[in-house]
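A short worksheet on the structure shown next.
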Amino acid sequence: MALPPLLPSLLLFLLFLLIQVSTQLEDNKIPPSLCTGHPGIPGAPGGHGSPGQPGRDGRDGRDAAPGRKERRASETGVRGFTGDRGDRGEKGERGPSGECAVAPKSAFSVKLSQQGLTLPLSVGDAVRFDTAVINEQADYNTETGRFTCKVPGVYYFAVHATVYRASLQFDLMKNGHAVASYFQFYGNWPKPASLSGGSMLHLVPGDQVWVQMALSEYNGFYASTKTDSTFSGFLVYSDWKNSAVFA
(Lines give C-alpha, C1' and ligand atoms only; values in the text may rest on other atoms or scores of the structure.)
Protein backbone atom coordinates (compact mmCIF):
# COMPACT_ATOMS: atom_id res chain seq x y z
CA MET A 1 0.00 0.00 0.00
CA ALA A 2 1.43 3.37 -0.98
CA LEU A 3 1.87 6.24 1.63
CA PRO A 4 0.32 9.67 1.01
CA PRO A 5 2.73 12.16 -0.52
CA LEU A 6 2.67 14.49 2.60
CA LEU A 7 3.30 11.79 5.19
CA PRO A 8 7.09 11.74 4.93
CA SER A 9 7.22 15.50 5.38
CA LEU A 10 4.93 15.29 8.42
CA LEU A 11 7.09 12.62 10.03
CA LEU A 12 10.21 14.68 9.49
CA PHE A 13 8.52 17.70 11.13
CA LEU A 14 7.48 15.67 14.20
CA LEU A 15 10.97 14.20 14.49
CA PHE A 16 12.48 17.68 14.41
CA LEU A 17 10.03 18.93 16.99
CA LEU A 18 10.82 15.98 19.29
CA ILE A 19 14.57 16.70 19.04
CA GLN A 20 14.02 20.37 20.04
CA VAL A 21 11.91 19.45 23.08
CA SER A 22 14.46 16.86 24.22
CA THR A 23 17.22 19.41 24.00
CA GLN A 24 15.29 21.91 26.14
CA LEU A 25 14.54 19.22 28.74
CA GLU A 26 18.21 18.35 29.04
CA ASP A 27 19.14 22.04 29.53
CA ASN A 28 16.40 22.43 32.17
CA LYS A 29 14.88 25.05 29.97
CA ILE A 30 11.32 24.00 29.73
CA PRO A 31 9.29 26.45 27.76
CA PRO A 32 6.69 28.27 29.80
CA SER A 33 4.10 26.96 27.47
CA LEU A 34 4.78 23.42 28.70
CA CYS A 35 4.79 24.33 32.55
CA THR A 36 1.15 24.81 33.21
CA GLY A 37 0.99 23.02 36.66
CA HIS A 38 0.22 24.59 40.15
CA PRO A 39 3.05 26.21 42.30
CA GLY A 40 4.88 23.74 44.52
CA ILE A 41 4.95 23.73 48.39
CA PRO A 42 7.68 26.02 49.88
CA GLY A 43 10.82 24.14 50.85
CA ALA A 44 12.15 23.82 54.48
CA PRO A 45 14.60 26.58 55.70
CA GLY A 46 18.23 25.76 55.14
CA GLY A 47 20.68 25.09 58.10
CA HIS A 48 22.98 27.78 59.55
CA GLY A 49 26.24 28.14 57.76
CA SER A 50 29.65 27.75 59.54
CA PRO A 51 31.27 30.96 61.02
CA GLY A 52 33.32 32.91 58.58
CA GLN A 53 37.06 33.54 59.07
CA PRO A 54 38.13 36.66 61.07
CA GLY A 55 38.60 39.69 58.94
CA ARG A 56 41.90 41.53 58.68
CA ASP A 57 42.77 44.46 61.00
CA GLY A 58 41.79 47.77 59.66
CA ARG A 59 44.29 50.51 58.94
CA ASP A 60 45.44 52.84 61.70
CA GLY A 61 43.54 56.07 61.84
CA ARG A 62 45.23 59.39 61.39
CA ASP A 63 46.37 61.42 64.44
CA ALA A 64 43.95 64.05 65.54
CA ALA A 65 44.97 67.67 65.61
CA PRO A 66 46.20 68.97 69.06
CA GLY A 67 43.47 70.54 71.18
CA ARG A 68 43.54 74.22 71.92
CA LYS A 69 44.77 75.35 75.34
CA GLU A 70 42.01 76.93 77.34
CA ARG A 71 42.62 80.31 78.88
CA ARG A 72 42.35 80.80 82.63
CA ALA A 73 38.92 81.66 83.89
CA SER A 74 40.09 84.89 85.39
CA GLU A 75 43.20 87.01 85.77
CA THR A 76 44.66 88.15 89.13
CA GLY A 77 43.57 91.63 89.84
CA VAL A 78 45.79 94.54 90.75
CA ARG A 79 46.70 94.72 94.45
CA GLY A 80 44.90 97.44 96.25
CA PHE A 81 46.43 100.23 98.31
CA THR A 82 47.34 99.66 101.97
CA GLY A 83 44.67 100.94 104.27
CA ASP A 84 45.16 103.50 106.99
CA ARG A 85 46.57 102.34 110.32
CA GLY A 86 43.92 101.67 112.91
CA ASP A 87 43.63 103.33 116.29
CA ARG A 88 45.71 101.98 119.15
CA GLY A 89 43.85 99.57 121.36
CA GLU A 90 43.28 100.02 125.05
CA LYS A 91 45.83 98.66 127.52
CA GLY A 92 44.83 95.31 128.95
CA GLU A 93 44.58 94.43 132.60
CA ARG A 94 47.72 93.39 134.44
CA GLY A 95 48.07 89.65 134.82
CA PRO A 96 48.61 87.84 138.11
CA SER A 97 52.11 87.62 139.55
CA GLY A 98 53.99 84.51 138.55
CA GLU A 99 56.06 82.24 140.76
CA CYS A 100 59.74 82.99 141.10
CA ALA A 101 61.69 80.02 139.76
CA VAL A 102 64.89 79.60 141.73
CA ALA A 103 67.35 76.92 140.64
CA PRO A 104 68.43 74.64 143.51
CA LYS A 105 72.03 75.02 144.64
CA SER A 106 74.49 72.91 146.54
CA ALA A 107 78.28 73.38 146.77
CA PHE A 108 81.02 73.16 149.34
CA SER A 109 84.79 73.17 149.67
CA VAL A 110 86.57 72.36 152.95
CA LYS A 111 90.14 71.68 154.06
CA LEU A 112 92.21 70.35 156.95
CA SER A 113 93.36 72.86 159.57
CA GLN A 114 95.93 70.78 161.49
CA GLN A 115 98.97 72.52 160.09
CA GLY A 116 102.22 70.61 160.21
CA LEU A 117 100.65 67.44 161.61
CA THR A 118 99.63 64.09 160.17
CA LEU A 119 96.19 63.15 161.37
CA PRO A 120 95.97 60.13 163.67
CA LEU A 121 93.22 58.29 161.82
CA SER A 122 92.07 54.67 162.01
CA VAL A 123 90.42 52.40 159.44
CA GLY A 124 86.75 53.33 159.03
CA ASP A 125 87.19 56.86 160.35
CA ALA A 126 85.78 59.73 158.31
CA VAL A 127 88.35 62.40 157.56
CA ARG A 128 87.03 65.60 159.13
CA PHE A 129 87.91 68.54 156.91
CA ASP A 130 87.19 71.06 159.61
CA THR A 131 87.74 74.39 157.87
CA ALA A 132 85.06 75.55 155.43
CA VAL A 133 86.18 77.52 152.40
CA ILE A 134 82.59 77.70 151.11
CA ASN A 135 79.53 75.95 152.52
CA GLU A 136 76.60 78.35 152.02
CA GLN A 137 73.90 75.66 152.06
CA ALA A 138 75.52 73.96 155.08
CA ASP A 139 75.25 70.59 153.31
CA TYR A 140 78.68 69.57 154.64
CA ASN A 141 79.05 69.02 158.39
CA THR A 142 82.53 69.96 159.64
CA GLU A 143 81.89 68.08 162.89
CA THR A 144 81.17 64.69 161.28
CA GLY A 145 83.08 65.18 158.03
CA ARG A 146 80.01 64.11 155.99
CA PHE A 147 78.05 65.72 153.17
CA THR A 148 74.27 65.17 153.31
CA CYS A 149 72.20 65.54 150.12
CA LYS A 150 69.14 67.83 150.20
CA VAL A 151 68.55 68.30 146.46
CA PRO A 152 68.33 65.17 144.29
CA GLY A 153 70.54 65.12 141.24
CA VAL A 154 74.05 64.48 139.97
CA TYR A 155 77.03 65.73 142.02
CA TYR A 156 80.75 65.87 141.46
CA PHE A 157 83.16 65.28 144.37
CA ALA A 158 86.93 65.81 144.35
CA VAL A 159 89.64 65.13 146.91
CA HIS A 160 93.13 66.63 146.87
CA ALA A 161 95.47 65.26 149.51
CA THR A 162 99.00 66.29 150.46
CA VAL A 163 100.97 63.15 151.33
CA TYR A 164 103.88 63.41 153.77
CA ARG A 165 105.70 61.15 156.30
CA ALA A 166 103.55 58.15 155.37
CA SER A 167 101.81 56.52 152.39
CA LEU A 168 98.14 57.29 151.91
CA GLN A 169 95.12 55.25 150.91
CA PHE A 170 91.53 56.48 151.25
CA ASP A 171 88.04 55.76 149.85
CA LEU A 172 85.25 58.03 148.67
CA MET A 173 82.18 56.67 150.45
CA LYS A 174 78.46 56.85 149.68
CA ASN A 175 76.09 55.56 152.36
CA GLY A 176 78.73 53.21 153.79
CA HIS A 177 79.94 51.84 150.41
CA ALA A 178 83.23 52.75 148.72
CA VAL A 179 82.59 54.21 145.25
CA ALA A 180 86.23 55.10 144.50
CA SER A 181 89.61 54.30 146.08
CA TYR A 182 92.93 56.18 145.86
CA PHE A 183 96.52 55.31 146.90
CA GLN A 184 99.84 57.17 147.01
CA PHE A 185 103.11 55.55 148.13
CA TYR A 186 105.48 57.71 150.17
CA GLY A 187 109.16 56.78 149.80
CA ASN A 188 110.79 59.01 152.45
CA TRP A 189 111.07 61.88 150.03
CA PRO A 190 112.30 65.15 151.46
CA LYS A 191 109.24 66.99 150.21
CA PRO A 192 105.49 66.21 150.35
CA ALA A 193 103.76 64.44 147.47
CA SER A 194 100.14 64.80 146.33
CA LEU A 195 97.19 62.55 145.58
CA SER A 196 94.01 63.68 143.82
CA GLY A 197 90.83 61.98 142.64
CA GLY A 198 87.20 62.66 141.89
CA SER A 199 83.92 60.96 141.04
CA MET A 200 80.44 61.86 139.84
CA LEU A 201 77.51 60.46 141.83
CA HIS A 202 73.73 60.51 141.64
CA LEU A 203 72.17 61.30 145.00
CA VAL A 204 68.73 61.55 146.53
CA PRO A 205 67.80 63.48 149.69
CA GLY A 206 69.34 61.84 152.75
CA ASP A 207 72.31 60.26 150.95
CA GLN A 208 75.69 60.92 152.61
CA VAL A 209 79.16 61.18 151.07
CA TRP A 210 82.49 61.35 152.91
CA VAL A 211 86.21 60.51 152.73
CA GLN A 212 87.31 57.47 154.79
CA MET A 213 90.65 55.88 155.65
CA ALA A 214 91.20 52.50 153.92
CA LEU A 215 94.30 51.23 155.85
CA SER A 216 95.49 52.41 159.26
CA GLU A 217 99.18 52.36 158.26
CA TYR A 218 98.47 54.42 155.13
CA ASN A 219 97.23 57.60 156.80
CA GLY A 220 99.54 60.21 155.32
CA PHE A 221 97.06 63.12 155.09
CA TYR A 222 99.02 66.32 155.66
CA ALA A 223 98.44 70.07 155.82
CA SER A 224 100.71 73.04 156.47
CA THR A 225 101.00 76.74 155.76
CA LYS A 226 102.41 75.90 152.33
CA THR A 227 100.11 73.03 151.27
CA ASP A 228 96.53 71.87 151.86
CA SER A 229 94.37 68.78 151.76
CA THR A 230 90.85 69.58 150.50
CA PHE A 231 87.48 67.97 149.87
CA SER A 232 84.99 69.65 147.48
CA GLY A 233 81.64 68.86 145.90
CA PHE A 234 78.88 70.58 143.93
CA LEU A 235 75.56 69.92 142.19
CA VAL A 236 75.95 69.43 138.44
CA TYR A 237 72.22 69.27 137.67
CA SER A 238 69.07 68.59 139.63
CA ASP A 239 66.17 66.26 138.88
CA TRP A 240 64.01 67.73 141.62
CA LYS A 241 60.53 67.77 140.07
CA ASN A 242 59.14 70.00 142.82
CA SER A 243 61.30 72.92 141.72
CA ALA A 244 59.43 75.36 139.46
CA VAL A 245 62.41 75.83 137.16
CA PHE A 246 62.61 72.06 136.54
CA ALA A 247 58.85 71.37 136.40
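No continuous path of ILVMFWY side-chain contacts below 4.5 Å connects Met173 to Val110, so the two sit in separate hydrophobic clusters. Grouping the Ile, Leu, Val, Met, Phe, Trp and Tyr side chains by contacts below 4.5 angstrom, directly or via other members, places Tyr140 with Val179. Criterion: ILVMFWY side-chain heavy atoms under 4.5 Å apart, direct or through other members. Under it, Val204 and Tyr155 are not part of a common hydrophobic cluster.
Heavy atoms of other residues, nucleotides or ligands lying less than 6.0 angstrom from CD of Glu217 number more than 12. No more than 12 heavy atoms of other residues, nucleotides or ligands lie within 6.0 Å of CZ in Phe185, so this atom counts as exposed by the packing criterion.
Between the OG atom of Ser229 and the OH atom of Tyr222 there is a distance of 10.0 Å, given to the nearest 0.5 Å. Separation of atoms CZ (Phe183) and CG (Leu195) is listed at 9.0 Å; rounding is to 0.5 Å. In this structure, Glu143 CD and Asp130 CG are separated by 8.5 Å, a value rounded to the nearest 0.5 Å. For the atom pair CZ (Arg85) and CZ (Arg88), the distance works out to 8.5 Å, reported to the nearest 0.5 Å. Rounded to the nearest 0.5 Å, atoms OG (Ser199) and OH (Tyr156) are 8.0 Å apart.
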Practice problem: Evaluate side-chain contact (heavy atoms from CB on, under 4.5 Å) for Thr162 paired with Ser194, printing each intermediate quantity in order. | Solution: CA-CA 5 Å; Thr162 298; Ser194 62; 5.6 Å; no

Practice problem: Run the numbers on Phe221 and Phe170 for ring-ring contact (aromatic ring centres under 6.0 Å, His included), then give the verdict. | Solution: CA-CA 9 Å; Phe221 265 112; Phe170 64 87; 5.4 Å; yes

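Remark: side-chain polar atoms of Gln212 are not paired, donor with acceptor, to backbone N or O of Leu172 under 3.5 angstrom.
Ring orientation note: the planes of Phe231 and Phe108 are nearly perpendicular, at an angle over 60° on the 30°/60° scale.
Scanning both residues, Asn175 and Gly206, for their nearest heavy atoms gives OD1-O, 4.5 Å. Nearest heavy-atom pair, Ala166 versus Asn219, reported as atom, atom and distance to 0.1 Å: CB-OD1, 4.1 Å. Between Asn135 and Ala132, the shortest heavy-atom distance links the atoms CB-CB, 4.2 Å. Summarising the geometry of Pro152 relative to Ser238, their closest heavy-atom pair is O-OG, 3.1 Å, with the distance given to 0.1 Å.
Remark: the Gln208 side chain and the Trp210 side chain contain no N/O donor-acceptor pair separated by less than 3.5 Å. Side-chain atoms of Asp207 and His202 include no donor-acceptor pair closer than 3.5 Å. Between the side chains of His160 and Thr230, not a single donor N or O lies within less than 3.5 Å of an accepting N or O.
Contacts of Asp139 classified as salt bridge (charged side-chain N to carboxylate O under 4.0 Å, His left out), with partners at least two apart in sequence or in another chain: Lys150.
Screening residues 177-190 for side chain to side chain donor-acceptor pair (under 3.5 Å), with sequence neighbours left out, gives Asp171-Ser181.
Using a 4.5 Å cut-off on side-chain heavy atoms (C-beta onward), Val151 and Leu235 make contact. Using a 4.5 Å heavy-atom cutoff, the side chains of Thr142 and Arg128 are not in contact. Counting heavy atoms from C-beta outward, Glu136 and Ile134 have side chains that approach closer than 4.5 Å. A heavy-atom distance below 4.5 Å is found between the side chains of Val209 and Leu201. Inter-residue side-chain proximity for Ser106 and Phe147 is flagged as met; some heavy-atom pair is nearer than 4.5 Å. Residues Leu112 and Val127 are in side-chain contact: their nearest non-hydrogen atoms beyond the backbone lie under 4.5 Å apart.
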